[in-house]
Every structure is written in C-alpha cells, then in structure tokens.
Engineer: 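After the structure tokens below, expect a handful of questions from me.
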Number of protein chains: 2
Amino acid sequence: MGRCMPLPTIRQLEYFVTAARLRTFAAAAEVHHIAQPSLSEQIAALERTLEVALFTRTARKLILTDAGQDLLPLAERAIADVVAMAEMSRRVRSLEEGTVSFGTFSSAHLYLLSELIEEFRIKHPGVRIRVTGLNSSEVADAVREGNLEAGLVQLPIDSRELVVTQSVFVDQVVYVSRRAEHTREPVDITTLAQRPLILSESRWSHDDPLRVSLLERAQSAGMTLDPIVEVEFQTHALELAARGVGDSLVSFHVGRSLIAEQGLFWAPLEPPVTEHYAFITRRAGAVSPATAEFMRLARRILARLQMARTRPTSPASD
Amino acid sequence: MGRCMPLPTIRQLEYFVTAARLRTFAAAAEVHHIAQPSLSEQIAALERTLEVALFTRTARKLILTDAGQDLLPLAERAIADVVAMAEMSRRVRSLEEGTVSFGTFSSAHLYLLSELIEEFRIKHPGVRIRVTGLNSSEVADAVREGNLEAGLVQLPIDSRELVVTQSVFVDQVVYVSRRAEHTREPVDITTLAQRPLILSESRWSHDDPLRVSLLERAQSAGMTLDPIVEVEFQTHALELAARGVGDSLVSFHVGRSLIAEQGLFWAPLEPPVTEHYAFITRRAGAVSPATAEFMRLARRILARLQMARTRPTSPASD
DNA sequence: GGAAGACCAAGGATTTTCCTATAGATGGGC
DNA sequence: GCCCATCTATAGGAAAATCCTTGGTCTTCC
C-alpha cells in the first residue's frame, strides 16, 4: 500500500519537460520564472530520485539521454493529469461539472423537483444530478452517512450531526373530498373521526408528524381515528377520493393541481396543521458548489411558491 | 504555454487519496509517517489551491464531498502516473537485469551481431540476450506476435502494428565471381542473364526485393533469369563461387570479408540495387530497456559500418 | 460524567526551494 | 590564437514549505 520509494515532484517534472523541450536549462528556468541554478538543481534532484541520467549536458547543447527520452512522455502525462485535476476542480467550482446529491421527501416532485431540476439543468447542463426521494428520516440518515450532501426534510427532525436551516417552506394539511358539503367549513377532529378517511403510507407512518398530531387531538377528544383505506402515495389517495371512495388528508401544495383537475373540494383543518420544511446539511457544512447552487435554486422556488396566491389561507371551495 | 495557476503537490494528492480511503486524517497521517496536523494542513492547502472543499469534517467521521468524489479518481490517476514514471526509471536503470529479444535477418551475424553482442555483454554482463535470425517478414511477424520486442529488417516491410524507424543501414547487392574478367565493370541485366548464377534461398524467395527487382529488369529486357544453383545461405553461395561453380549475388557487407579471404572479385550491378534496413518495434513501443539499449548499440555499429571506407562505391577488384 | 477518539490552532524546528554571485567549459568571431 | 557569448555547475545564504509538539474543542461511547 504505502510505497516507500521517493517520488519526483510535479514541479520537477515540469522543469524536466520544458527543459527537454527547449533544450536549455536557462530558457526553461526563464519560462518558470526562476533562476537557472534553481532549475538546474531541481533537475539534478530529479535525476537523483529516479537514479537515472535524463540529460547529457554539454556546454553548448542539452541532449536527452535514452532514459530521458523514455521518461519524458510519462512525465508529460503525469503533469497533464495533475493539470486535468486542477481544471476539473475549476469546472466543479464554476458548475460546468460536478454532482448534486440531494434528498427530498417523495412527493416533492409534484411541485418542486420538476421545475427545480429543469431550471438547474438549463443553467448548468454539465452537472450530474442525483436526487433521491425518500422520507425525511431516511434523508437525514443518508446525509449523516455521507451518501447525500444535503436534503429537504420535514420538521421536526433528529438533528444529530446535522445543520438544519430555518423553515424554508410551510405547507398545510388540508381535507379533501369529492363532496362539496364536506368542505363547507374547516374540519375539526370530531368531524374528521366521522369521515371515511383514505390516507397514504407516508402520512400514516408512525413517526409522521401529522399522525402524531391527529392522534393526540383524537385522544384528548376521547375518540379514535381509523382510516378506511391506506395506500402508498398521496396522489393515489387523491385519486381514490376523486372516485368517491372516501375523503383524504394531503399537503396543500402536493394536492393543489390534482384537486383542481379532478373536481375535488378542500377545506383546512381546525385547528390548522402546518408542515414545516427545512434544508439539512452535514455539520461543518462543506457542501460542494453544485449542491449549494441546487439548494439556492430550491430555496428560491420554494419562496416563490410560498408567496403565490395559491396559499390555502383563503379556502375557496371550488 | 506556461500555466499560471498553482498546481497541487503530488504529496498532497497522496494524502488526499489515503485520507479518502481510510476516512480519517489520523490514520492517513500514520500511513505516511507524519503527524496528523501536518496532513490536516496539507489537505487544507490542497483545498485552498483547488478552491474546493474535499471533505466534510465531523468529529467522528470524515466524509468526501461530491466534489471530492469527483476529484478523487483524477488524483489517483495522477499519482499512478508519477509512480509509473518512477517504476519506469527503475527498469531503465537496471540494465543489469532483463532480457534482450531481438530479431534480425539471417546473415546479420556476419558483420553486425558478433560485434554487437560482444560489446553489449561487456557493457551489461547480467543481461540475457535472445537474438533470432530469421528473414524480415518472419521477424516482423514475431514482433507483431509479441515473441520479439524489436528487430532489424529489410525494407520495405508490412508495417501493420509496427513502428518502423527510418533506414538505419544501406547495403548494396554486388556481383561476385572468381573470374576477374567477369567483374571488370558494372554488371547489367543482360550480362547477368548470361552468367551461371548461384543464389541463396533468402535471395531467391518469392518476396525478396532483389528477386522482384531482377525479374522485372529481365522481363523488360525480354529475357529470363535462371540460377543454376540455389542454396540456403549466402555464405554457402560464396563458397561455391570461390570454387568456380558459378557466380553469385550477395550483399556487400555480408560478403566483404569472405570475398577478400577467398580471392573472389566483385562488381556492382548496373543500375545498382540497394538494400535498406530499419528497426521495428511494436506500436506504442513498450520496449524493455535492455532491448532499447541493444538497439542503440546496434544503430551505432551500423552507422560506423556505413561510414567506413569499405563502402562499395569504389569497386576495387582486389 | 468522564474517557477516548478525532480534528483544529499555534509556535517553533527542520527541510526544501530559491536567489545571487562566481567559476568552468565550449563554440564562434576576429 | 584569443576573446566573447552562452551554457551549466557550485557555494552560501535567504525565503518558504513542511513538519512536529503542545494544547484545545467537539462528539461519541461507556
């Protein structure tokens, strides 16, 4: 693993290459803005570490030995690779290349990801994007683990090893039904317990804040809450609601377009249930430029969404 | 040409790579036999020159950023190249070991191989020498096949997969006879067709340039060329010529010493027939240092022969 | 709550790199 | 034949980089 033999320096290789090309140490030294003896010495040092004579020095001419001839292309290649790395870092920095690794909750694509990814690709077509849509705690784990650089998660979140930004987006859980009379006014827990509920897995998993919140309310009201159907995705729950199978609870921004398309009605809960979302990164937040930019764009888009009139504060039942 | 941006150090890249692999600075520092703060500082310096964060440092874990992931393979490659160069230099300088594998035409030992091998053995007594004397196309095949690293062949040669140097030696076909009156003046095709010819196999095989050339000349002169004797080696043909069996055609340098020893006479052909010889190696010339050195010596000896006064431009009939 | 592991910070020592000045060597010009 | 221009090599000292040690903070694990 650890090689013990002393390696030549990149600088020495550079001196070597330009000296070989210019066929004089003095000119090569000038190219590198150093004094001739310095370059001369570095070449000598290189020959010492390689234990091979690279040049035959005559006072008039500088000639590569066979060994030098053999080693020259290797030196050039090594330099080219280091330069390539520096170039790559520049491109990564300038977002010509690089990788975004980002985690979101699964329904983010419904109102954020498509626009975000599209905009990002247009601005930075050379950057690879790796977005995984999981649930918040899995995203947090992945970020902790180092598999993702950042993510957008629903609060509250276990913040060990993480930096959690302030809430960058607030959504609201709304009640959705095909029957207009079910949404005439805000729905309280008592009403809710009487309605046939279709919930998605993510909304009803043990650690989902909505579930926790609703069960608490039901408990203090002395009743239980039993969904008649549980499915995997919020969108699926909405479809079933549109077919009249039952009513559902969804995040407003998740359901917004589908509600309008499918002739559904909605009403806020009473008291309202809000969902707060925030960015997470690893502690000491060394985030690569691509992911940082991705987050910047995401934040902007979310802010725009937040500002739009479509916020659920004025429940229009149509 | 001279790039101005500061380049990372090979050492920094090494630290980077092992830190990325071991996922801890302390362990990486231990591998490189330096203190942890030193390595830490070098990584920081690397990040400064690349202007990119490579790691996310948490108290417990060290995690590559996306940028680090992107740059890691480039760093590994650059290091590998420098190591490859050091390795190469080691092989180059250890001419005390290794093997020469070299192919020549069969008559090369008459004026080249003995001197060459003797000189090489004196300079590099530990190197094994494997020289096979075949004809040019077989040598070319062997080099292509990988059985030989390099060879000396007569041009023209099929150069597929091969690197063919420029002509390194020029010989000339001369007419040899025991009868002085046969060599009073340059021999043309008409005269040749009337003489009793002893030819060696290699000189009369189907793809031999001499045969091709002579048959063309005979054809355009409206005559045929029929050797009275065909034997395997040029030396054998010369012996027969010395016994007066007939006359022969040999390469000047092949016959030079024998002609003098055996009281033979010679004359150039009219017009002259020259033979060009060149080195061949495999494309992408991965030639071992030993063979390279062998070729270098060979080239020097051939150049010396070429320069010598013994060239056949002044046909002295003894 | 304390011990252990991991990283960072700071100041000093060591090694490397570079500079100036000078000497030796070689080929061309007069 | 001698001098000059042009190289490279050598020497000693300055500047910079690299590294070490000590001490500190943070987090995790017991």
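So you know, we letter chains A, B, ... as the sequences are listed, proteins then strands, and number each from 1.
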Engineer: So, A:Arg90 and A:Glu87, do they make that salt bridge, N to O below 4.0 Å?
Structural biologist: yes
Engineer: Which pairs, protein N/O on one side and nucleotides 13-17 of chain C N/O on the other, fall under 3.5 Å?
Structural biologist:
| from | atom 1 | to | atom 2 | distance (Å) |
| --- | --- | --- | --- | --- |
| C:dT17 | O3' | A:Arg11 | NH1 | 3.4 |

Engineer: Take atom CG of A:Leu39 and atom P of D:dT10, then tell me their distance rounded to the nearest Å.
Structural biologist: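 Distance, rounded to whole Å: 15 Å.
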Engineer: Does some side-chain heavy atom of B:Val168 sit less than 4.5 Å from a side-chain heavy atom of B:Leu152?
Structural biologist: yes
Engineer: Below 3.5 Å, can you tabulate the donor-acceptor pairs from side chains in residues 34-49 of chain B to any protein atom, sequence neighbours excluded?
Structural biologist:
| from | atom 1 | to | atom 2 | distance (Å) |
| --- | --- | --- | --- | --- |
| B:Gln42 | OE1 | B:Gln12 | NE2 | 3.2 |
| B:Glu47 | OE1 | B:Arg57 | NH1 | 3.1 |
| B:Glu47 | OE1 | B:Arg57 | NH2 | 2.9 |
| B:Glu47 | OE2 | B:Leu54 | N | 2.6 |
| B:Glu47 | OE2 | B:Phe55 | N | 3.3 |
| B:Glu47 | OE2 | B:Arg57 | NH1 | 3.0 |
| B:Thr49 | OG1 | B:Leu46 | O | 3.0 |

Engineer: Rounded to whole angstroms, how far apart are CD1 on B:Ile63 and C1' on C:dC7?
Structural biologist: 14 Å
Engineer: For the side chain of B:Phe25, counting heavy atoms from C-beta on, which of C:dC7, C:dC18, C:dT20 is nearest?
Structural biologist: C:dC7
Engineer: Quickly work out the B:His33 NE2 to D:dC20 P distance and round it to whole Å.
Structural biologist: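 The distance from NE2 of B:His33 to P of D:dC20 comes to 11 Å, rounded to the nearest Å.
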Engineer: Return the value, rounded to whole Å, for the distance between atom CD1 of A:Ile34 and atom P of C:dC19.
Structural biologist: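 Rounded to the whole Å, the gap is 6 Å.
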Engineer: Go through D:dT8, C:dC7, D:dA9 for me and flag the one nearest to the A:Ser40 side chain.
Structural biologist: D:dA9
Engineer: Answer yes if the ring centres of A:Phe102 and A:Phe120 are under 6.0 angstrom apart, and no otherwise.
Structural biologist: no
Engineer: So, A:Arg121 side chain and A:Val127 main chain: donor-acceptor pair closer than 3.5 Å or not?
Structural biologist: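 Present.
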Engineer: In this structure, how many angstroms lie between the P atom of D:dT18 and the NE2 atom of B:His32, rounded?
Structural biologist: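 Taking NE2 of B:His32 and P of D:dT18, I get 15 Å after rounding.
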Engineer: Do you know which two heavy atoms are closest between A:Phe16 and A:Ala75, and how far apart they sit?
Structural biologist: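 Heavy atoms of A:Phe16 and A:Ala75 come nearest at CD2-CB, 3.7 Å.
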Engineer: Does a side-chain N or O from A:Thr24 land closer than 4.0 Å to OP1 or OP2 of D:dC7, or not?
Structural biologist: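 For D:dC7, OP1/OP2 do not have a side-chain N/O of A:Thr24 under 4.0 Å.
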Engineer: Base, sugar-phosphate, or nothing: which does B:Ala35 touch, judged by heavy atoms less than 4.0 Å apart?
Structural biologist: base
Engineer: Can you tell me if the side-chain N/O atoms of B:Ser38 get under 4.0 Å from OP1 or OP2 in D:dC20?
Structural biologist: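 Yes, within the criterion.
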Engineer: Measure the distance from CG on B:Leu46 to P on D:dT18 and round it to the nearest whole Å.
Structural biologist: 11 Å
Engineer: Side chain of B:Pro37: nearest nucleotide among C:dC7, D:dT21, C:dC19?
Structural biologist: D:dT21
Engineer: Which label fits A:Phe105 and A:Tyr277: parallel for a plane angle under 30°, tilted from 30 to 60°, or perpendicular past 60°?
Structural biologist: tilted
Engineer: Just how far, in rounded Å, is C1' of C:dC8 from CD of B:Glu47?
Structural biologist: 13 Å
Engineer: Report the distance from atom CD of B:Gln36 to atom P of D:dC26, rounded to the nearest whole Å.
Structural biologist: 16 Å
